[in-house]
Amino acid sequence: MLPRMHGRFLIVATTCATGLGCWGGSDRLGSTGTAGTAGTAGTAGSSGGAGASGGGAWHLPTPPGGGVPKPSGTAGNLTALDWAGFKAAVSWTFDDSQPSQIEHYAELQAVGVPVTFYISTGNSGAASYDATWSQAVADGHEIGNHSVHHCHADLTGCSFGSPLATLADEVEQASSYIATHYPQQGAAWTAASPFGDTGYDATDGTRFLINRGVGGGGSMIGANDATDPFNLPIHLAAEGETAASFNSASDGARTAGKWLIFLIHSITPTTATWYNPVAISDVTGAMSHDKSLADVWTDSVVHVAAYWRAQKMLKGLTPATSGNDQVWTWTLPTHFPPGQSLRVKVDGGTLTQGGAPLPWDDHGYYEIALDAGTLTLSP
């Protein structure tokens, strides 16, 4: 998002533009993950493991606790755990591929929390643009679609140059750029509407897993509520907002058992202040706070969103009966990233996929592979 009318931003953006001229085989970011080496298991709710959506295998982080006995009752009552077994979830998003985000990327990465950068490819001439976002993918972060020229849905008020012929072109060419320049990620799985313009919702709804909006103030997302997946609400960072304020919002999500998405624009210190600048120390301090919450899952939008949508999908399924077995069959939502999992529990019985029994995890769940498309529960 960028402001609808912000003279200083438009001047800076124009100056920057004219003056400057899947994850996949990479490893996921763990507690101290580095690009190109095996990620360690995430701590305090941050993700760990290997690549997320291509050649490597991505793994959900492990929630706190343990020692939960395997259920031994009557086979039945299949339910999914909220937030992969954590109490709540938090995602950090950064819009516009701003120079200040590029300048402070190393500090963001050092925290060890996977985040989502929503990039507008119309400012790809910025210094270190492709190098930074390529490294971000290698480090386990998500690159999302924020259109090419950052226009309103009616193609007016563009932040970077002139609009393409249609809104679909704006979105699709940005996705093509991401797939071509950052092939390790595989595709752009999620999007964010420029200016929070809800005119993007229908276009993005046919091209992405979710679309992040801007409305809703401090609104949070419930595991089983009716939140529109193509207009997800956020906590918009105000100019000069402090770590203490961000931490209070995260603690509120933890108490409520919901998913909170932060939206950051400009990061200071910088010579390119575009919108709502926040000090890097406050951003990284708050991210570190979230990482320290052992029962909060802090991850990129695509992974939390995939789990959230899969849980809703499972809740709507009715199993078929085959002899004494119950069989659930599903088709994943369109534009669903591969390699994702869902954590479930039952009162008893044996869960299998592909003819193989699923192991019980003593943190209180079985983990099912969503790509399999089927699950069987036997007495």
Side-chain angles (χ1 to χ4, degrees), residues 16 20-40 42 46-59 91-146 148 174-192 262-272 274 280-281 283-284 287-288 291 298-303 337 339:
C16 290
L20 291 169
C22 143
W23 321 276
S26 65
D27 289 331
R28 282 291 294 168
L29 163 154
S31 56
T32 56
T34 56
T37 59
T40 57
S46 60
S47 296
S53 64
W58 178 77
H59 304 287
S91 295
W92 286 84
T93 66
F94 299 80
D95 277 16
D96 317 322
S97 43
Q98 296 194 19
S100 66
Q101 297 166 12
I102 292 173
E103 293 166 12
H104 292 288
Y105 174 75
E107 293 147 284
L108 297 172
Q109 161 60 14
V111 178
V113 168
V115 305
T116 299
F117 295 98
Y118 285 111
I119 69 170
S120 295
T121 59
N123 66 343
S124 60
S128 302
Y129 186 96
D130 282 331
T132 299
W133 307 133
S134 293
Q135 186 61 51
V137 172
D139 289 336
H141 305 291
E142 178 192 5
I143 302 298
N145 186 311
H146 204 40
V148 176
S175 284
S176 178
Y177 186 100
I178 291 169
T180 300
H181 288 79
Y182 321 121
Q184 288 172 299
Q185 180 167 289
W189 301 106
T190 73
F262 287 109
L263 168 52
I264 306 294
H265 287 94
S266 298
I267 304 173
T268 59
T270 182
T271 57
W274 288 9
I280 183 63
S281 58
V283 176
T284 56
M287 290 169 62
S288 296
K291 184 180 177 182
T298 305
D299 209 336
S300 57
V301 170
V302 64
H303 288 127

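In this text the structure is predicted, and so the values were computed from the model without any measurement. Just so you know, these numbers use all the heavy atoms, side chains as well, and skip hydrogens, waters and symmetry mates.
Contacts of Ser124 classified as side chain to side chain donor-acceptor pair (under 3.5 Å), with partners at least two apart in sequence or in another chain: none. The side chain to side chain donor-acceptor pair (under 3.5 Å) search around Trp133 returns none, not counting sequence neighbours. Residues satisfying the side chain to side chain contact (heavy atoms under 4.5 Å, CB included) test with Ser281, not counting sequence neighbours, are Ala279. Remark: His104 engages no residue in a ring-ring contact (aromatic ring centres under 6.0 Å, His included) (not counting sequence neighbours). With sequence neighbours left out, Thr116 forms a side chain to side chain donor-acceptor pair (under 3.5 Å) with Glu142. Listed by chain and residue number, Thr121, Asn145, Val148 satisfy the side chain to side chain contact (heavy atoms under 4.5 Å, CB included) test with Ala174 (two or more places apart in sequence, or in another chain).
Residues Val113 and Thr298 share a closest heavy-atom pair of CG1-CG2, 3.2 Å. When every heavy atom of Ile280 is checked against every heavy atom of Pro269, the shortest pair comes out as CG2-CD, 4.2 Å. The two residues Ala272 and Ser266 have their closest heavy-atom pair at O-OG, 4.1 Å. Between His265 and Ser100, the shortest heavy-atom contact is O-OG, 4.2 Å. When all heavy atoms of Gln109 and His141 are compared, the closest pair comes out as OE1-NE2, 2.7 Å. Across Ala192 and His146, no two heavy atoms sit closer than the pair O-ND1, 2.8 Å.
None of Phe117, Tyr118, Phe262 except one satisfies the side chain to side chain contact (heavy atoms under 4.5 Å, CB included) rule with Phe94; the exception is Phe117.
With hydrogens and angles ignored, the 3.5 Å screen pairs no side-chain donor or acceptor of Asp95 with any backbone N or O of Leu263. Counting only distance, with no hydrogens or angles, the side chain of Ser120 and the backbone of Asp96 share no donor-acceptor pair below 3.5 Å.
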Checklist entry - What do the steps show when you test Thr93 against Val301 for side-chain contact (heavy atoms from CB on, under 4.5 Å), and what is the final call? => result CA-CA 8 Å; Thr93 66; Val301 170; 3.5 Å; yes

Next on the checklist: Checking Thr270 against Glu103 for the side-chain hydrogen bond (donor to acceptor under 3.5 Å, both in side chains) test, could you report, in this order, the C-alpha distance in whole Å, the side-chain angles of both residues, the deciding distance, and whether it holds?
Outcome noted: CA-CA 8 Å; Thr270 182; Glu103 293 166 12; 3.0 Å; yes

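Once rounded to the nearest 0.5 Å, the distance linking CD of Gln101 with CD1 of Ile264 reads 9.0 Å. To the nearest 0.5 Å, atom OG of residue Ser175 and atom CD1 of residue Ile143 are 12.5 Å apart. Here Thr284 contributes atom OG1 and Trp92 contributes atom CH2; the two are 9.0 Å apart, rounded to the nearest 0.5 Å. Residue Ile119 holds its CD1 atom at 7.5 Å from CG of Asp130, rounded to the nearest 0.5 Å.
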